[in-house]
Student: 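Sharing a structure here in structure tokens format.
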Amino acid sequence: MNRLKKLKKIRLHREGTSILITSAFLLIAVNAFIYWLFDCKIPFFFLALTSTVIYLLMINFFRCPIRLFEHDTENIVVAPADGRVVVIEEVEENEYFHDRRLMISIFMSLVNVHANWYPVDGVVKYVAHHNGKFLKAWLPKASTDNERSTIVIKTPEGQTILTRQIAGAMARRIVTYAEVGEECYIDEHMGFIKFGSRVDVYLPLGTEVCVKMGQSTVGNDTVIAKLKP
């Protein structure tokens with residue numbers, strides 16, 4: 001019941017509200033100006049078509065499907081984002097754990113949903129935002145050099161995982177809802193990244209990986225790993 005209460009039941013993400021409203025007024029104003037400026041309506045029709053396509057792409061970007069994970073969540077790690085698996089490897093994690101971890105990275109293209117979900121149930125232990133560069137999100141250095149937000153969660157079973165929201169070449173704002181000390185749940189939004197990005201999940205070594213390189217993921221639906229009991 002608590003999980004259901006915390007769901008953000010919206011079809012368009014709230015992070016897009018101001019952008020969509022402002023863009024709508026701006027596009028209408030520009031189209032109206034062109035309509036009255038030229039006697040020939042061909043420029044207007046061309047601009048109107050282009051504006052419609054752009055606006056529909058923006059609506060698609062900020063869409064926010066309501067998803068419920070219908071299975072047992074114990075020791076389960078779900079995909080925190082829609083996208084494609086671009087990294088599965090052991091790496092040195094030097095911000096929080098300072099040891100080797102298994103990293104699974106999901107790259108989000110412009111056509112993917114950009115809402116992010118918590119990958120596990122648990123309690124938030126650490127949250128930090130770091131300013132940085134805006135390299136292409138699929139590059140290995142993006143995980144440590146780009147603007148990013150780090151969230152560490154301890155699961156009810158005692159495992160600790162780290163997830164990192166990473167800005168990409170086009171992303172210019174990372175929104176993170178996590179706060180230290182609060183309970184978090186699969187099904188709940190962790191944040192949002194505007195216009196292209198990536199999410200990394202750092203897991204204990206020995207974790208069973210349930211996805212493969214290049215596989216498409218559905219946020220809050222695809223099981224990407226199973227933690228050791």
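Just so you know, these numbers use all the heavy atoms, side chains as well, and skip hydrogens, waters and symmetry mates. Because the structure is predicted, anything quoted here is derived from the model rather than measured.
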Student: Taking all atoms of both residues into account, what is the closest heavy-atom pair of Ala81 and Met108, and its distance?
Tutor: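 Taking Ala81 first and Met108 second, the nearest heavy atoms are CB-SD, 3.6 Å.
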Student: Could you state the interatomic distance from CG (Asp99) to CG (Asn94), rounded to the nearest 0.5 Å?
Tutor: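 These two atoms lie 9.0 Å from each other.
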Student: Strictly below 4.0 Å, N to O, side chains only: are Asp200 and Arg101 in salt-bridge contact?
Tutor: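 No salt bridge links Asp200 with Arg101.
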Student: Does Arg198 use its side chain to pair, donor to acceptor, with the backbone of Ser105 at less than 3.5 Å?
Tutor: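 No.
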Student: Nearest 0.5 Å, what's the CG-OG distance between Asn31 and Ser51?
Tutor: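 Going from the CG atom of Asn31 to the OG atom of Ser51 covers 4.0 Å.
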Student: Rounded to the nearest 0.5 Å, what separates atom CD1 in Ile166 from atom CD1 in Ile106?
Tutor: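 Here the interatomic distance stands at 11.0 Å.
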Student: For Ala115 and His189, work out which heavy atoms get closest and say how close.
Tutor: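 Looking at all heavy atoms of both residues, the closest pair is CB-NE2, 4.1 Å.
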Student: Hey, any chance Ile161 and Val85 share a hydrophobic cluster, counting ILVMFWY side chains that come within less than 4.5 Å of each other, even indirectly?
Tutor: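 Yes, because Ile161 and Val85 connect within a single hydrophobic cluster, where side-chain heavy atoms sit under 4.5 Å apart.
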Student: Is a donor from one side chain sitting under 3.5 angstrom from an acceptor on the other, for Thr176 and Ser149?
Tutor: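 Note: Thr176 and Ser149 side chains meet the donor-acceptor criterion.
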Student: Between Val77 and Pro119, is there a side-chain heavy-atom distance shorter than 4.5 Å?
Tutor: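 Yes. Closest side-chain heavy atoms under 4.5 Å.
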Student: Just wondering, do Val120 and Tyr185 contact through their side chains at under 4.5 Å, heavy atoms?
Tutor: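 In short, these two side chains do not touch, never coming nearer than 4.5 Å.
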Student: How far apart are the closest heavy atoms of Leu102 and Pro204, and which atoms are they?
Tutor: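 Residues Leu102 and Pro204, closest heavy atoms: CB-O, 4.3 Å.
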Student: Is there a path from Trp36 to Phe33 through hydrophobic residues (I, L, V, M, F, W, Y) whose side chains come within less than 4.5 Å of each other?
Tutor: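 Trp36 clusters together with Phe33.
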Student: Take His98 and Glu92 through the test side-chain contact (heavy atoms from CB on, under 4.5 Å) and record every step on the way to the result.
Tutor: CA-CA 7 Å; His98 302 285; Glu92 195 75 23; 5.9 Å; no
Student: side-chain contact (heavy atoms from CB on, under 4.5 Å) for Val78 and Trp117? Distances and angles first, verdict last.
Tutor: CA-CA 9 Å; Val78 300; Trp117 286 264; 5.7 Å; no
Student: Kindly indicate, with the supporting measurements, whether the criterion side-chain contact (heavy atoms from CB on, under 4.5 Å) is fulfilled by Val124 and Met190.
Tutor: CA-CA 11 Å; Val124 178; Met190 178 178 70; over 6 Å; no
Student: Can you name the closest pair of heavy atoms from Thr163 and Val201 and give their distance?
Tutor: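 In terms of heavy atoms, the two residues are closest at OG1-CG2, 4.0 Å.
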Student: Hey, could you give me the CD/NE2 distance between Glu95 and His130, rounded to the nearest 0.5 Å?
Tutor: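 Rounded to the nearest 0.5 Å, the CD-NE2 separation comes out at 3.0 Å.
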Student: For the pair Asn112 (side chain) and His114 (backbone), establish whether a donor and an acceptor sit closer than 3.5 Å, ignoring hydrogens and angles.
Tutor: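 Side chain of Asn112 to backbone of His114: no pair is present.
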Student: Applying side-chain contact (heavy atoms from CB on, under 4.5 Å) to Phe69 and Ile186, what does each step give before you reach the verdict?
Tutor: CA-CA 7 Å; Phe69 188 72; Ile186 289 173; 3.6 Å; yes
Student: Using 0.5 Å steps for rounding, measure from the CD1 atom of Ile224 to the NZ atom of Lys212.
Tutor: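 Going from the CD1 atom of Ile224 to the NZ atom of Lys212 covers 16.0 Å.
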Student: Identify the heavy atoms of Thr207 and Ala225 that sit nearest to each other, and give their distance.
Tutor: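 Distance-wise, the nearest heavy atoms are CG2-CB, 3.7 Å.
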Student: Say whether Leu27 and Phe46 are linked into one hydrophobic cluster, either directly or through other cluster members, by side-chain heavy-atom distances under 4.5 angstrom.
Tutor: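 Different clusters.
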Student: Treat each ILVMFWY residue as a node, draw an edge where side-chain heavy atoms are under 4.5 Å apart, and state whether Ile54 and Leu47 are in one component.
Tutor: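 Different clusters: Ile54 never reaches Leu47 through Ile, Leu, Val, Met, Phe, Trp or Tyr contacts under 4.5 Å.
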Student: Does any part of the side chain of Glu93, heavy atoms only, come nearer than 4.5 Å to the side chain of Met103, both counted from C-beta?
Tutor: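 The answer is no; the side chains never approach within 4.5 Å.
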Student: Could you check whether the rings of Phe44 and Tyr35 sit parallel, tilted or perpendicular, using 30° and 60° as the cut-offs?
Tutor: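 Correct class here is perpendicular.
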Student: Check whether any side-chain N or O of Asn220 sits under 3.5 Å from a backbone N or O of Arg67 as a donor-acceptor pair, and report yes or no.
Tutor: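 Checking the backbone N and O of Arg67 against the side chain of Asn220, a donor-acceptor pair under 3.5 Å is found.
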Student: Count I, L, V, M, F, W, Y as connected when their side-chain heavy atoms are under 4.5 Å apart, and connections chain through other members. Are Leu37 and Phe45 then in the same cluster?
Tutor: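 Per the 4.5 Å side-chain linkage, Leu37 and Phe45 are co-clustered.
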Student: If we count only N and O atoms by modelled type, under 3.5 Å, do the side chains of Asn116 and Gln165 hold a donor and an acceptor together?
Tutor: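 There is such a pair (donor and acceptor under 3.5 Å, judged by atom type) between the side chains of Asn116 and Gln165.
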Student: Check whether any side-chain heavy atom of Leu203 sits under 4.5 Å from a side-chain heavy atom of Leu227, and report yes or no.
Tutor: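 Side-chain contact under 4.5 Å: yes.
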Student: Within the 4.5 Å heavy-atom criterion, are Val91 and Tyr202 side-chain neighbours or not?
Tutor: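 The answer is yes; the side chains approach within 4.5 Å.
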Student: Is the closest side-chain heavy-atom distance between Val223 and Cys210 below 4.5 Å?
Tutor: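 Contact flag for Val223/Cys210 side chains = yes.
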Student: Start with the C-alpha gap between Tyr177 and Glu188, add the side-chain angles, then the distance that decides, and say whether side chain to side chain donor-acceptor pair (under 3.5 Å) holds.
Tutor: CA-CA 10 Å; Tyr177 304 137; Glu188 184 183 7; over 6 Å; no
Student: For Val218, does its backbone N or O pair with a side-chain atom of Asp221 as donor and acceptor, under 3.5 Å?
Tutor: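 No.
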Student: Where do Gly122 and Pro156 come nearest, in terms of heavy atoms and distance?
Tutor: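 Smallest heavy-atom distance, with atoms named: CA-CD, 4.0 Å.
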Student: Does some side-chain heavy atom of Tyr96 sit less than 4.5 Å from a side-chain heavy atom of Lys125?
Tutor: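 In contact.
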Student: Under a plain distance cut-off of 3.5 Å, with no hydrogens placed, do Thr150 and Arg164 share a side-chain donor-acceptor pair?
Tutor: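 Yes, Thr150 and Arg164 have a side-chain donor paired with an acceptor closer than 3.5 Å.
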Student: Within a strict 4.5 Å, meaning less than it, do heavy atoms of the Ile153 and Ile151 side chains meet?
Tutor: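 Result yes, sub-4.5 Å side-chain heavy-atom pair found.
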